[in-house]
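To start, the structure itself, in C-alpha cells.
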There are 2 protein chains.
Amino acid sequence: MERDAIQDIAIKTLITNNGASMHDIAVAAGIGRTTLHRYFASRDDMLRALLLSAFQDIEQAMTECQIETGTALEALERIITVLMPIGHRFTFLLGAWPFAEDNKELKSRELRLLYQLEGLVQRGQKEKSLRTDLPVRWIIDTMTALLFMAWQRISDGYIAPRDASKLIMTTLLTGVGTH
Amino acid sequence: MERDAIQDIAIKTLITNNGASMHDIAVAAGIGRTTLHRYFASRDDMLRALLLSAFQDIEQAMTECQIETGTALEALERIITVLMPIGHRFTFLLGAWPFAEDNKELKSRELRLLYQLEGLVQRGQKEKSLRTDLPVRWIIDTMTALLFMAWQRISDGYIAPRDASKLIMTTLLTGVGTH
DNA sequence: GACTTTTGATACAGCTATGTCTAAAATGAT
DNA sequence: ATCATTTTAGACATAGCTGTATCAAAAGTC
C-alpha cells in the first residue's frame with residue numbers, strides 16, 4: 001500500500017475517532033500495526049506527517065485555483081470547489097492545528113496562505129462584490145465555517161456533493177435572509 | 001468546590017486538549033485527582049455527565065429564549081445571544097456529540113431541540129424573512145457554524161464578545177457579499 | 001519452482017492513565 | 001482548642017498503548 005493511501009485512511013479514521021490507536025488505524029488501512037510502524041517510526045511522526053500532508057494538499061489546491069485570475073468571487077468559488085473533495089483533510093487540519101504550535105515552518109506557511117486569502121477578500125472589497133463593513137478575517141472564517149459544515153453534511157448524506165459549492169457560495173454571499 | 005464548577009472547568013480543559021487526563025483536569029480545577037474521582041466514579045461517567053450538562057445548558061438557554069415569542073428573526077437573535085456566553089459548552093458538544101450515539105434519551109432530546117429550531121426556521125420562511133430555497137436544516141447548520149466560529153474568534157481575542165451576536169446575525173441573514 | 005522481499009502475528013518491555021485504597025494533612029464546625 | 005469531615009498525596013494493580021524485535025507466512029520476482 002502506498003504511503004499516501006495510508007495517510008488518507010489515517011486522516012479519515014482520526015477525524016471520526018481522534019483517540020484511535022495505531023492498531024485501530026492499521027486495521028482501518030487493512031495492514032498490520034508493524035507495517036504501519038514501518039511507514040511511520042512513531043505515532044508522533046505519523047501525526048506530524050498527517051498534518052503536513054493535509055496542509056500540503058490544501059496549499060496545492062489553493063495554488064491550482066490561481067486566485068489572481070478572474071474576479072474575486074470567481075476565485076472564491078474555485079477555492080470552495082477544490083476544497084470540497086478534500087474536506088476530510090480540511091476537517092483534520094481544523095482539529096489538529098492547535099498541535100502544530102511549535103512547527104514554525106507550517107505556521108509561516110499558514111500565514112502565507114491566510115495572507116493570500118486576505119488579499120483575495122480585499123480584492124473582492126475593491127471590486128465592490130464583498131462587504132467592507134465586516135472584518136476581512138471574519139469573511140474568511142465564514143467561508144471556512146461553511147466549508148466545514150457542508151463537509152459534515154456531505155458525510156452525513158444530507159447534502160449531495162455536487163450541490164455543496166453552490167450552496168456554500170449562495171449562503172456565503174447572500175445569507176439565509178430575504179433582506 | 002461545586003460539581004457544576006468542576007464540570008465547567010473540565011469542559012473548558014477538554015475543548016482545549018481533548019486528550020487531557022483526569023490528572024490534567026484535576027489540576028485545572030485546582031483539586032486532587034482523588035477528589036475528582038469522588039465527583040465522577042470514572043472517566044466515562046465524567047464524560048457522560050459533561051455531555052449531559054452541556055446539553056442541558058443549551059436546552060435551558062433555548063427555553064429561556066421563548067422562541068414562540070416575537071418574530072422568527074427576533075427569536076433567532078435571542079438564541080444567538082444566549083448561546084454565546086456558553087460557547088465552550090456548545091463547542092464541547094460539537095466535538096463530543098458523536099460519542100453520544102448510544103444515549104437514546106439525549107438523542108431524542110436533540111431531535112426535539114432540532115424540531116423546535118426547524119419550526120422556527122419554517123416560521124421565518126412563512127414570515128418571509130428567511131429564504132425558502134435553502135434547506136431548513138442547512139439554515140440551522142449555517143447558524144451553528146457561525147456560532148462555533150465566532151466562539152473560536154472570541155477565544156482568540158479577534159472578536160469582542162459584545163460584537164458577536166450582531167456579527168453573526170448580519171452574516172447569517174445577508175451574507176458577506178454586496179449583492 | 002527457487003529465491004528474495006515484504007508483511008503480519010506475536011511477544012516483550014516500558015510507559016501512561018485509570019480506578020482503588022490508605023493514612024496524613026487540611027478544612028470546617030462548634 | 002477539639003473533633004469531625006473532607007481532601008490530598010502517594011502507593012498499588014491493572015489495562016491499554018507504544019515501540020521494538022523475531023520469525024514464519026505471504027507475496028513478488030525471475
May I ask you to check whether B/Y158 and A/W138 place their ring centers less than 6.0 Å from one another?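 No, too far apart.
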Quick check on C/dT7: is either OP1 or OP2 less than 4.0 Å from any side-chain nitrogen or oxygen of A/T34?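 Answer no for this pair, as no side-chain N or O of A/T34 is under 4.0 Å from OP1 or OP2.
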Please state whether the phosphate of D/dT18, meaning OP1 or OP2, lies under 4.0 angstrom from any side-chain nitrogen or oxygen of A/S42. no
Have a look at A/I139 and tell me which of A/V121, A/T144, A/L76 forms a side-chain contact (heavy atoms from CB on, under 4.5 Å) with it.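 Running side-chain contact (heavy atoms from CB on, under 4.5 Å) over A/V121, A/T144, A/L76 with A/I139 returns exactly one hit, A/V121.
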Starting at atom [atom1] of [X], determine the distance to atom [atom2] of [N], rounded to an integer number of angstrom.
X: A/Y39; N: C/dG8; atom1: OH; atom2: P; result: 8 Å
X: A/L36; N: C/dA9; atom1: CG; atom2: P; result: 13 Å
X: B/R3; N: D/dT7; atom1: CZ; atom2: P; result: 14 Å
X: B/D24; N: C/dA17; atom1: CG; atom2: P; result: 7 Å
X: B/L47; N: C/dA17; atom1: CG; atom2: P; result: 15 Å
X: B/I6; N: D/dT8; atom1: CD1; atom2: P; result: 9 Å
X: B/H37; N: C/dT22; atom1: NE2; atom2: P; result: 16 Å
X: B/I31; N: C/dA26; atom1: CD1; atom2: P; result: 18 Å

Is B/R33 side chain donor-acceptor paired with the D/dG10 base, going by distance under 3.5 Å alone? no
Given C/dG19, D/dT18, D/dT7, the nucleotide with the shortest approach to the side chain of B/R43: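 Given the options C/dG19, D/dT18, D/dT7, the side chain of B/R43 is closest to C/dG19.
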Closest to the side chain of A/R38, out of C/dG19, C/dT7, D/dA9, is C/dT7
Please test B/D8 against B/R89 for salt bridge (charged side-chain N to carboxylate O under 4.0 Å, His left out), starting from the C-alpha separation and ending with a verdict. CA-CA 8 Å; B/D8 208 54; B/R89 287 172 173 261; 3.1 Å; yes
Contact class for B/G19 vs. all strands (heavy atom < 4.0 Å): base, sugar-phosphate, or nothing?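 Here B/G19 touches no strand at all.
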To the nearest 0.5 Å, atom CZ of B/R109 lies from atom CG of B/L113 at 9.5 Å
Does B/L52 form a side-chain contact (heavy atoms from CB on, under 4.5 Å) with B/Q56? I'd like the steps, not just the answer. CA-CA 6 Å; B/L52 181 61; B/Q56 280 178 334; 3.9 Å; yes
